[in-house]
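Presented below is the structure to which this report refers.
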Number of protein chains: 2
Amino acid sequence: MLNSEQQQIAHFNKKLLNTKSRCQKCAVNSLCLPSGLNDDELAELESVITSSKITNKNQTVFTLGEAFTSLFVVHSGMFKTTVVDESGKERIISFHLPGEIMGLDGIHSNVYQSTSTALAMSSFCKIPYNGLLDIAEDYPVIQRNLLKVMSKEIFNCKKNHLDLGSKAKLALFIKNISRRFKARGYSDEEFFLPISQRDIASYLGMAEETLSRIFKKLQKQEVVKYSKHILTILDKSELSEIIEH
Amino acid sequence: MLNSEQQQIAHFNKKLLNTKSRCQKCAVNSLCLPSGLNDDELAELESVITSSKITNKNQTVFTLGEAFTSLFVVHSGMFKTTVVDESGKERIISFHLPGEIMGLDGIHSNVYQSTSTALAMSSFCKIPYNGLLDIAEDYPVIQRNLLKVMSKEIFNCKKNHLDLGSKAKLALFIKNISRRFKARGYSDEEFFLPISQRDIASYLGMAEETLSRIFKKLQKQEVVKYSKHILTILDKSELSEIIEH
DNA sequence: CGGCTGTTTGATGAGTGTCAACGAATGTGG
DNA sequence: CCACATTCGTTGACACTCATCAAACAGCCG
């Protein structure tokens, strides 16, 4: 594992490890279910969070086909969720940053519809779904937050359904990730991304080789740079240009 | 307007028009929010539905940017929802059949994120969101149903994010639509689809011409036929083959 | 050191978008 | 009811993007 990666993970994790009053002290609570809750509601929410756990790279949080019991929230690090498509290939359907909820697709069928895997040493919180529903009855704001999160997920997902060229797809992905890093207090121009190019290619639905060539082109044009998992955005406006065609 | 279309619309609509006890008598209540509700809960749900309305072709239900107030459920007919992508072009993000909920993407921002338009003479029910939340507090099963619907939406959306060739994309779309018609009591092998090829192409993210050529190829191979808005599936297993590659 | 895994590079061909033009079907106004 | 305009679907030619195959390379690990 690279030094830069270890540094970054240490950075991600240094605020954690205190399992009491998880949410109150969590760096990303404003982006997560606790958003807008008062102390009383927050305490109630914390009471249903049964555990926070640290995982190593490549460990799974839940697996496609497993019985659905809980939602999971990224606390630190990063995760990918994958499905198996009709022709049997694994496909990445999303990447999850701190504060983002995983497992939502299991609600409707009581079975996880995807597999979540840590991309680096990471940590997450486990929220038993039935417990969450119980407190949601007493605290409408928690219910509303959950619905908002899901609504946002639907919206983002539909918008990404766009048909763009490979270059624009990558540009959009980078802008999207950049925005999410910024929302979490990191630089939106340079950040550590523990995602392999293969995984980015899978997520964007293109061949690994194509992605490599596009990265090279963008680097030559001094738009972005991706080396040793450090993504650097050199020309933000050009990035937007590419997307708009 | 064609005879076949008018017939079909009449067929869709003939059960409606009684605005009392809407849900109890609705043909698609088992696919909709009322699913699994007892009489008491159903009455409560019906009490928040402020209106059922019939629209002509091309009329909009809500518009991108408008303040979000209500969810809408298709009662009969069909609707499309559209967004404007980064380069300014209109893109269709979904088609809605009876029992399906529209407007979910407005929840998180209090603004509709898409525009919904009737594809034929259609009818829909309006469910004020605040009213729905109020009764969801008293009737947890309603809350759970809403969450399930949204979860399903997320799942379907992510799965569709697949990267397939144009032929497979169309095959998948047809299978998907067919399944939804079947769930509503119609034949899954021949049905009226008030969607223009242009709209299908936009939804699938391909050129109109490409879609036309693929339809022709599939017709020559006697897999499916699409003429005068009547879609006929001739070889269901071949359709699945195409998807699996 | 050799064996991994992840990334790069080149050559090639299939699939698709684009442009242009036309035909068919539909809607409109007199 | 007919002439016209408009939308919708079809067809052909062409260029270009991108997936695929094959091979080599770089960094990392034991």
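Letters A, B, ... are given to chains in the order of the sequence lines, protein chains preceding strands, and every chain is numbered from 1.
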(Q) Is it the case that the ring center of Phe79(A) lies less than 6.0 angstrom away from the ring center of Phe95(A)? (A) no
Q | Proximity of Phe72(A) and Phe124(A) rings by center, below 6.0 Å | A | yes
Q. Which residues, if any, of residues 209-216 of chain B bring a heavy atom under 4.0 Å of DNA chain D?
A. Glu209(B), Ser212(B), Arg213(B), Lys216(B)
Q: Can you sort out the partners of Phe155(B) under ring pair (Phe, Tyr, Trp, His ring centres under 6.0 Å), two or more places apart, ordered by chain and number?
A: His108(A)
**Q.** Rounded interatomic separation in angstrom, taking CD from Gln219(A) and C1' from dT8(C)
**A.** 12 Å
**Q.** Rounded distance in Å - CD (Glu208(B)) to C1' (dA21(C))
**A.** 14 Å
Q) What's the CG-C1' distance between Asn58(B) and dT6(D), to the nearest Å? A) 14 Å
(Q) What is the distance, to the nearest angstrom, from the NE2 atom on His229(B) to the P atom on dA24(C)? (A) 18 Å
**Q.** Pair Ser237(B)-Asp235(B), side chain to side chain donor-acceptor pair (under 3.5 Å): steps then yes or no
**A.** CA-CA 6 Å; Ser237(B) 63; Asp235(B) 188 343; 3.1 Å; yes
Q. Considering residues at least two apart in sequence or located in another chain, which fulfil the side chain to side chain donor-acceptor pair (under 3.5 Å) criterion with Lys182(A)?
A. none
Q: Report yes if at least one side-chain N or O of Ser166(A) is closer than 4.0 Å to OP1 or OP2 of dC18(D); otherwise report no.
A: yes
Q.
In this structure, how many angstroms lie between the P atom of dG12(D) and the NZ atom of Lys217(B), rounded?
A. 13 Å
**Q.** disulfide (SG to SG under 2.5 Å) between Cys157(A) and Cys157(B), intermediate numbers included
**A.** CA-CA 6 Å; Cys157(A) 183; Cys157(B) 183; 2.2 Å; yes
Q: Grab the CG-P distance between Asp163(B) and dT16(C) for me, whole Å please.
A: 11 Å
Q: Starting at atom CD of Gln197(B), determine the distance to atom P of dT26(C), rounded to an integer number of angstrom.
A: 13 Å
Q) Between atom NZ in Lys228(B) and atom P in dC8(D), what is the gap in whole Å? A) 15 Å
